[in-house]
Novice: 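Following this message is one structure expressed as structure tokens.
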Amino acid sequence: MKIETIAIHAGNTTDSNTKAVVQPITLSTTFERAEDGSYPAGYIYTRAANPNRLSLENVLAKLDGGVEACAFSSGNAAGSAVFQSLEPGSHVIAPEDMYHGLKALMNEVYSRTLDITYIDMSDLAAVEKSIKPHTTRLIWIETPSNPLLKISDIKAICGLAHQHEISVCCDNTFATPVFQKPLDLGADLVMYSSTKYFGGHSDVLGGALVTKTTNTQWEKIKSIQTLSGAVPSPFDCYMTVRGLKTLPYRMRGHEANALKIAHFLEQHPAIEKVFYPGLESHTSHNIAKSQMSGFSGMLSFTIKGGEEAAGKVANSLKWITQATSLGGVESLIEHRASVEGPLTKTPFNLLRLSVGLENIEDLIADLRSALE
Ligand SMILES: *Cc1c(COP(=O)(O)O)cnc(C)c1O
């Protein structure tokens, strides 16, 4: 089955009672037992399993070519489950440039039990050098990264990691399985914030993990999911399944628009630099081309004239809304450094753009007039 067909069918079942074509939302928290004490439909209690969550997990696993998936109430909850699955004292290697909220969680919560090293994940020699024999248990990749759109070589890092029996988890939120399949490139786990492209309409929070094999780490992650209970509600599962049905088509539109905007910005005199893996000028364009089938809809750019000039541009846009988050049908722009706080390494004249599905001519006209 091809990805468009999986996206539409793998998260849906026709209701056997009503024959409703779209799977209904099962809000019941509890499920009736049979006289012999068994659970005829396999459901006991909604934290452990729910029909909408199982449908979501089924489509998530199939989209990435994995064997199983766990859905969470947020991307951070998904990441959290991976860190909780590690033994205390484990060493984790993570990228310096990564989603700031997850890094905050690692620093504020997991640094108490885990030893975490941040490196430039696009530098393979740095990855190798930071491996601690016997204690490094996990390499966390985020590619393309947030907000600098850095590219990590998934295959090369996994090769290195597996020589040392280290597992690799890849945050694939920006690329989505439409454009990048980390499990095929050697990763053990893929992580998502489904709040972004999966939901696709900026109206549902969620996260996901997909595994390549059902090993002991995965069994631990599954227990953490159902025992901790950071699970999405049946309604949230329904919304995410609904969003996923159009994911392959939306991603094509996001990419086509982003590529045109990247080219437009690159030749604009007010722009200092554009960060987009689809541009030949991107430092890791060749690696991006070899591991991605498309470059997605996220880009960043720096503006001549510093933070003030960047603020003016963000404030002068009409269709592109100034707000955090990404991956929705509407274009969003954000001054990342002010969100990330005083310790950020993000340039102060940088704006991150989540390119939406509006007409490209309107988006470019909006940017052109704001840059004047
Ligand atoms: C948003 C995001 C997260 C965190 O997901 P939430 O759903 O906000 O908890 C993690 N990684 C990336 C790349 C993100 O964009």
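Reckoned from all heavy atoms, side chains included, excluding hydrogens, waters and symmetry mates. Note that ligands are numbered from 1 as they come in the structure, with each ligand's atoms numbered from 1 the same way.
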Novice: Show your reasoning for whether side chain to side chain donor-acceptor pair (under 3.5 Å) applies to E266 and Y276.
Specialist: CA-CA 10 Å; E266 198 171 40; Y276 183 64; over 6 Å; no
Novice: Kindly print each ligand 1 N/O atom paired with any protein N/O atom under 3.5 angstrom away, one pair per line, or none if nothing qualifies.
Specialist:
residue	atom	partner	partner atom	Å
ligand 1	5 (O)	S193	OG	3.0
ligand 1	7 (O)	G75	N	2.9
ligand 1	7 (O)	S193	OG	2.8
ligand 1	7 (O)	T195	OG1	2.7
ligand 1	9 (O)	G75	N	3.0
ligand 1	9 (O)	N76	N	2.8
ligand 1	11 (N)	D171	OD2	2.7
ligand 1	15 (O)	K196	NZ	2.7

Novice: Run the side chain to side chain contact (heavy atoms under 4.5 Å, CB included) check on S85 and I224 step by step: do they pass?
Specialist: CA-CA 8 Å; S85 74; I224 292 161; 4.0 Å; yes
Novice: Is the NZ or CZ atom of K222 positioned over F72's six-membered ring, under 6.0 angstrom from the centre and within 45° of the axis?
Specialist: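 The answer is no; the distance or angle limit is not met.
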Novice: Just checking, any donor-acceptor pair under 3.5 angstrom between side chains of S331 and E358?
Specialist: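 Side-chain D/A pair, S331 to E358: present.
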Novice: Just say parallel, tilted or perpendicular for the rings of H254 and Y197, cut-offs at 30° and 60°.
Specialist: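 Rings of H254 and Y197: perpendicular, as their planes differ by over 60°.
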Novice: Are the side chains of N146 and R336 in touch, meaning some heavy atoms are under 4.5 Å apart?
Specialist: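 In short, these two side chains touch, coming nearer than 4.5 Å.
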